[in-house]
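Everything below concerns the one structure shown next.
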Protein chains: 2
Amino acid sequence: MAVEALSSYLLKADDAAFHDQVYDALAEALTEGVFAPGQSVSLRTLASGLNVSPMPVREAVRRLIAEKALELQPSNKRLRVPSLSEDRLHQLAKARSWVEPELAAIAAIKATPELIETLKEEDDTLMVALSKGDVEGYMKANHAFHFHIYKAAHADLFYDMARTLWLQTGPFMRVVFNKLGTVQLPRDHHQELIGAFAARDAETARKAMAEDIAEGMDLMVEAVRV
Amino acid sequence: MAVEALSSYLLKADDAAFHDQVYDALAEALTEGVFAPGQSVSLRTLASGLNVSPMPVREAVRRLIAEKALELQPSNKRLRVPSLSEDRLHQLAKARSWVEPELAAIAAIKATPELIETLKEEDDTLMVALSKGDVEGYMKANHAFHFHIYKAAHADLFYDMARTLWLQTGPFMRVVFNKLGTVQLPRDHHQELIGAFAARDAETARKAMAEDIAEGMDLMVEAVRV
DNA sequence: GACCGGCAATTGTGATCACACATCATCTGG
DNA sequence: CCAGATGATGTGTGATCACAATTGCCGGTC
C-alpha cells in the first residue's frame, strides 16, 4: 500500500540529483509513518510509484539501509521496512534521550531571538492541530519544532544522528496512532524549552528536552507492548 | 595514493554481494587510516583498484556517504574523505564517550567467561604490539578488543553507531600517528575493563570505558590542534 | 478437497553505455 | 612571455539490459 501516492512526496528541485529527491521523498514518508513496519517494498515498485527509473531509487534505498530506516532480509535479500521490536524501540529511546537533549543544550547557548520567535509560532500551530485532533498536522508541527532547535545547534554530526533516529522511529508512530487514536497526545514540554532558550539556559533546555522525549517514547513503548 | 594496494583489503566471500565486499574493504581501509583526510577519490579509480566494475563501488560509497565516512563536495559534486575539523572531532569524541561506555555497561551484565578469555588474549597481543612499537598491530588489536565487547552487548543499534563512529575517526588516526610517532601510545584501561567484566559490574565497566575513550580522544584533539 | 510440482513474474545485483559538467592541459593570439 | 580560449580527460549520474535466485500462482495428481 501507500506506494501509489508516493509521488506526492516528490518535490521537484532541479539542481538536486534524482537520487537525492527520491531519498527526501522516502525519508519524509518514513518519518511520517506512511510505511507499515515489516512491510516489504521493492525497487521497481518504488521507482514506478515515483515515476523515475530504478537507478536513483537504488541509491536512495542503499542510503536508507545504511541509516537502518530500511533493511535487507538476510534470507531473501529482499527489501522491507524493519519490524517492531521492544528491544529496538528501547535502544531508539535511549539514543534519542541522549542526542536530542545534547542538541537542545548546545542550541540554547546559541539561541537567537529569531529562533525563539520561530519556535513560538511552531508551537502555536502545534497547539491548534492538537485542539483539532489533527494527528498529521500535530506530527508535522512537532517535527518542525524539534528540528528548528536541532538545526540551530549547528552540530552536523548530532543533527544527523537525530534525523536518522526520527527516521527509524517513524514506522513505530503508525502503530502507536493506530492503537491509541488521536485522543491522548503527549503533553509536551515545549513551553519550558522556549523559556530555557530565552534564558539561554543550557541545562534547563537539556532537561526539558529529555523529559519531552522520555514521555513521548514511554507512550510508544506502552502502545507497542499491548 | 593507497588506491593501488586496496585489493588486499578485499577478501573473497562468495555468498556476499560484491557491493558488500567492497564496502567491507573500504570500511576497513578507512578505519585503519589508509586514506588521508581531504583526499579525493573517485568511483572509477576505486573500482579499478579493487578489480570490480564501478557499479558495486557506487553502492558501497553511497553507504559510506550516509555514514559520513565519505562526503560529496557540494560544489564539485566530487567524492572525498572528510577533512579534519576540531569541531567535528569534538562531536565524535562526545558521541563515542556516550555510546561506547553504554555498550560496555550492557556487555558487562551479559559477560561470559568466553568473552573475558577472548578479551585477555586480545589484550595480550595488544601489549606485545605495543612493546614492539608496532602501530598497525596495536590499532588492529585495540579495534578487536573494543568490538568484541560491543558485539557481546547484543545491541544492534548502538553497535552500529560505534562502528560508524570508528569509521569516521579513522582518517584522524593517520594524522595523529604521523605527528606523534609510535612512542606515546595511550595508556589504556583495558585491565580495569576486564576486571569489571569478570565482576559483571556495569557501572565500573562504563566508567573504565569512558576514561579509555576520553584519554584516546584527548590525545587526538591535542595532535590535531598543533 | 488438500497437497505438490512446475512455470511465469518479480526480485536484487552487476555491467555497460550515454550524458552533462568540471577540471586541467594545451594551444593560440596578443 | 603571458593570458584567455579551447579541447581532452575524468567526474558523478541515470538508463537499460542481462542474469540468477526467489516468490507466487496455477493446474494437476493423489
Side-chain angles (χ1 to χ4, degrees), chain A residues 1-4 6-7 10-26 35 38-83, chain B residues 1-4 6-7 10-26 35 38-83:
Chain A
M1 68 146 293
V3 177
E4 60 280 353
L6 254 181
S7 58
L10 220 175
L11 34 106
K12 293 266 180 182
D14 287 351
D15 58 329
F18 269 23
H19 66 84
D20 273 324
Q21 302 181 36
V22 172
Y23 172 83
D24 288 338
L26 293 179
F35 297 100
Q39 172 182 358
S40 67
V41 293
S42 91
L43 294 182
R44 290 172 174 85
T45 309
L46 291 175
S48 68
L50 289 163
N51 291 317
V52 294
S53 95
M55 198 66 228
V57 180
R58 267 163 86 168
E59 311 204 24
V61 160
R62 188 64 56 193
R63 195 170 152 192
L64 289 166
I65 293 174
E67 297 173 339
K68 295 197 166 299
L70 290 178
E71 70 180 7
L72 227 44
Q73 309 184 56
S75 51
N76 308 354
K77 307 201 165 193
R78 260 189 171 73
L79 199 60
R80 75 167 183 185
V81 183
S83 310
Chain B
M1 66 151 295
V3 176
E4 59 279 355
L6 255 180
S7 59
L10 221 174
L11 34 106
K12 294 267 179 183
D14 287 352
D15 58 330
F18 270 22
H19 66 83
D20 273 325
Q21 302 182 36
V22 172
Y23 172 83
D24 288 338
L26 294 179
F35 297 100
Q39 172 182 359
S40 67
V41 292
S42 91
L43 294 182
R44 289 172 176 85
T45 310
L46 291 175
S48 68
L50 288 163
N51 290 318
V52 295
S53 93
M55 199 65 229
V57 179
R58 268 163 83 167
E59 310 204 26
V61 160
R62 186 64 54 194
R63 196 170 151 192
L64 289 166
I65 292 176
E67 297 172 338
K68 296 199 166 297
L70 289 178
E71 70 181 6
L72 228 44
Q73 310 184 55
S75 51
N76 307 355
K77 307 202 164 193
R78 260 189 172 73
L79 199 61
R80 73 169 185 185
V81 183
S83 311

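Fair warning: this is a prediction, and the values are worked out from it, not measured in the lab. Here is how names work: the chains are called A, B, and so on, in the same order as the sequence lines, proteins then strands, and each is numbered from 1.
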salt_bridge(Asp20(B), Lys77(A)) N-O dist < 4.0 Å: no

Asn76(B) vs dT23(C): side-chain N/O to OP1/OP2 distance below 4.0 Å: yes

Spacing of Met55(B) atom CE relative to dA18(D) atom C1', expressed in whole Å: 14 Å

base_contact_polar (dG14(D) base, Arg58(A) side chain, donor-acceptor, <3.5 Å): no

Nearest-angstrom distance from the residue atom CZ of Arg63(A) to P of dT13(D): 11 Å

Phosphate contact (dT13(C) OP1 or OP2) by Arg62(A) side-chain N/O below 4.0 Å: yes

Nearest-0.5 Å distance that lies between atom CZ in Arg62(A) and atom CG in Leu70(A): 10.5 Å

Short side-chain N/O contact to dT11(D) OP1/OP2 from Ser40(B), under 4.0 Å: no

Distance, nearest 0.5 Å, that separates CZ of Arg58(B) from OG of Ser53(B): 9.0 Å

Nearest-nucleotide comparison on DNA chain D, the residue closer to the 5′ end among Pro54(A) and Arg78(A): Pro54(A)

Nucleotide of dT13(C), dT13(D), dT11(C) approaching Leu72(B) most closely (side-chain heavy atoms): dT13(D)

Spacing of His19(A) atom NE2 relative to dT13(D) atom P, expressed in whole Å: 4 Å

Check: dG12(D) base within 3.5 Å donor-acceptor of Arg44(B) side chain: yes

Residue-phosphate contact under 4.0 Å: Ser42(B) side-chain N/O, dT11(D) OP1/OP2: yes

Sugar-phosphate only, base, or nothing, as touched by Arg80(B) at under 4.0 Å among non-hydrogen atoms: nothing

